[in-house]
There are 2 protein chains.
Amino acid sequence: MSGDSSGPLPAPLAHRVPDLGALELLLAVARLGSLGRAARELGITQPAASGRVRAMERLLGVALVERSPRGSRLTDAGVLVTDWARKVVEAAEALDAGAQALRGRRDSRLRVAASMTIAEYLLPGWLIALRTERPGTAVSLSTGNSAAVAERLLAGQADLGFVEGLDVPAGLDGAVVGRDRLVVVTAPGHPWARRRAPLDPAELAATPLILRERGSGTRQVLDAALAAHGGLAEPLLELASTTAAKAAAVSGAGPSVLSELAIGEELAARRLVEIPVRDLSLSRALRAVWPTGQRPTGPARELLGLTRSRG
Amino acid sequence: MSGDSSGPLPAPLAHRVPDLGALELLLAVARLGSLGRAARELGITQPAASGRVRAMERLLGVALVERSPRGSRLTDAGVLVTDWARKVVEAAEALDAGAQALRGRRDSRLRVAASMTIAEYLLPGWLIALRTERPGTAVSLSTGNSAAVAERLLAGQADLGFVEGLDVPAGLDGAVVGRDRLVVVTAPGHPWARRRAPLDPAELAATPLILRERGSGTRQVLDAALAAHGGLAEPLLELASTTAAKAAAVSGAGPSVLSELAIGEELAARRLVEIPVRDLSLSRALRAVWPTGQRPTGPARELLGLTRSRG
DNA sequence: ATGGGGACATAAGCTGGGGTTATGAGCGGT
DNA sequence: ACCGCTCATAACCCCAGCTTATGTCCCCAT
């Protein structure tokens, strides 16, 4: 073993990080102040919990918990690790909520049809909130562009839709639930990141960008907004997914224009930098929609309430 | 089995969500377009990968991958699940990077001392960026308040510090690397969430809030900012951690004032709503610091470069 | 047309991590 | 002095996930 000729390739992440069960356990210990109580909450025995936490500490090489005959408290490092662990668990909960909806049968109490962007970034959070308010509400999810969402709603195959775009599809009523702002970004090393003055729209239009392929929603908005400034230059790169475009931008391949929803993390950690643009609002509404006249009722109304902007 | 008298308590998250290894595998399949190649990249065999993806699909109840004799592509649902999975894996990577730094030995090439907030929310991202730029740089991390950070730097026990606060500790030079804006928030159901006009500072000061305990950094800033408007009312709740305060606010217990860094997710998903306040800037600088005159060099300079604001 | 080489699937067998029960040992309150 | 809570240790068990070996399908190149 370890006689690998290809060099010491990094151990896979899963071997360096405790598994989800262990992280969940750590959160329970932090919350309840005792290994035994945490164990009970997760439906395992106290020795199992004890061993698991020990294994986690061995794996991470850091003492996380201070044991005493009267309970357990987190160490300083434990507090930090627990906060990081919470992020992992929350992301896993979002995945779980989303997957449950994707699996959802046609006979679900609430059938949602949503655009990709909304389904990806916002819906899981809403579903989690809905679950805490109305546990047991079965939700099913289908995704598609605005036209597909409208079609499902009008055919009675969905109870509530979510679309992004400049206008409401024909035959539907809607309510704005948020905004999707498109942001010009570069890696921190790019010259634009050092500009003092905002970018000129014409300059943006003239620069080759990393973009999603023609026909994507973000591309359409960008096209429309820059039509008055000479139109988009030939793209620097044309990629199939938002994720790929983001990765290219982070790696410094060039400037890109991406949805704010997709790059919150990257901006916060300064893996990407927002470039202000003068007099250009690349913003579109995110809307909940339903067939004209048929105001949502029951679970659909409930979910709508979770998402509505004030007013 | 399943004859439990305590009712159908929800299966723990870890039993409903694929483990990190499986998610990592899914990302590799998405990126490489083939189960076999993904397997090779993760250092397992093709049948193992095949079985694992199958198990993941069974667990989630959703087909993720379209197999063909020429490779594998994600299904529509698979794209969505993969995006959610990426968030989980990224959070796990942040945990890993942070834990490595916590474990870091005293003889690390780069010894960082940071405030809790910065260590928790920003540092992991920086460490990941540093790892991709300068792989193999060993980083160690210790946390403490501004005074403790200054002490470590001046004692030569740390090479670079990060503090939040209104001013730079004596004996140190610094550079602003970001801002920590405090935000007034409530659950979406709170009356304040329906206000049309911004809140008056005096009204905020007079209202009992969910706060961290006296002495915490956020509490100090708030105290100072509202001193001119009558001073803080008695808190509604006084909690030991930011996380606890956040949870209380989300559950609708009342209004709170929290760091923007801590509630990005909650704002995006509208589990919390920001309440604008007129003429009140609750903002403090996040600074990198080092002993006066000793500009960072080597790895410290590298890390600083990753975090610096433009200019 | 035919063999080679990729892709994924199936089968049989091993191993170890994580679970269990049973028990011991501190510490605090009554 | 004793109960009740805490956590730790020991001995045992099981199955998830890995391996190797093999089969099938399809495309492509000779």
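Below, each value reflects all heavy atoms present in this structure, side chains not excepted, and no hydrogens, waters or symmetry copies. Order of the sequence lines sets the chain letters (A, B, ...), proteins ahead of strands, with each chain counted from 1. Everything numeric in this text was worked out from a predicted model, so none of it was measured.
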Distance, rounded to the nearest Å, where [X] contributes [atom1] and [N] contributes [atom2]:
{"X": "B/Ile44", "N": "D/dT20", "atom1": "CD1", "atom2": "P", "value": "12 Å"}
{"X": "B/Arg73", "N": "C/dC8", "atom1": "CZ", "atom2": "P", "value": "13 Å"}
{"X": "B/Asp19", "N": "C/dG17", "atom1": "CG", "atom2": "P", "value": "15 Å"}
{"X": "B/Leu25", "N": "C/dC8", "atom1": "CG", "atom2": "P", "value": "11 Å"}
{"X": "A/Leu20", "N": "C/dG18", "atom1": "CG", "atom2": "C1'", "value": "15 Å"}
{"X": "A/Leu35", "N": "C/dA25", "atom1": "CG", "atom2": "P", "value": "20 Å"}

Aromatic ring proximity A/Trp126/A/Tyr121, centre distance under 6.0 Å: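 No, ring centres 6.0 Å or more apart.
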Intermediate values then yes/no, salt bridge (Lys or Arg N to Asp or Glu O under 4.0 Å), A/Arg219 and A/Glu238: CA-CA 10 Å; A/Arg219 179 92 176 245; A/Glu238 210 164 26; 2.9 Å; yes
Between [options], which nucleotide has the shortest distance from any of its atoms to the side chain of [X]?
{"X": "A/Gln46", "options": "C/dG18, C/dA9, D/dC7", "value": "D/dC7"}
{"X": "A/Ser34", "options": "D/dC7, D/dG17, D/dT20", "value": "D/dC7"}
{"X": "B/Thr45", "options": "C/dA9, D/dT20, C/dG19", "value": "D/dT20"}

Rounded distance [0.5 Å steps], CE in A/Met56 versus CG in A/Asp19: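 Spacing of CE (A/Met56) from CG (A/Asp19) equals 8.5 Å.
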Contact nearer the 5' end of DNA chain C, comparing A/Ala48 with B/Arg37: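 Between the two, 5'-proximity favours B/Arg37.
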Phosphate OP1/OP2 of C/dA7 contacted by B/Arg40 side-chain N/O (<4.0 Å):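 B/Arg40 to C/dA7 OP1/OP2: side-chain N or O found under 4.0 Å.
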Ion pair A/Glu57/A/Arg67, N-O distance below 4.0 Å: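 Between A/Arg67 and A/Glu57 there is a salt bridge, with a charged N closer than 4.0 Å to a carboxylate O.
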Exercise: do B/Ser142 and B/Arg152 side chains pair donor with acceptor under 3.5 Å: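 On atom types as modelled, these side chains qualify, holding a pair under 3.5 Å.
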A/Ser256 side chain vs A/Ile210 backbone, donor-acceptor pair below 3.5 Å: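 Between the backbone of A/Ile210 and the side chain of A/Ser256 there is a qualifying donor-acceptor contact (under 3.5 Å).
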Test item: A/Glu24 side-chain N/O and B/Leu13 main-chain N/O as donor-acceptor pair under 3.5 Å: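 Looks like yes, one N/O pair under 3.5 Å.
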Contact residues, residues 51-70 of chain B to DNA chain C [heavy atom, < 4.0 Å]: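 Heavy-atom cutoff 4.0 Å gives B/Arg54, B/Arg67, B/Ser68, B/Pro69, B/Arg70.
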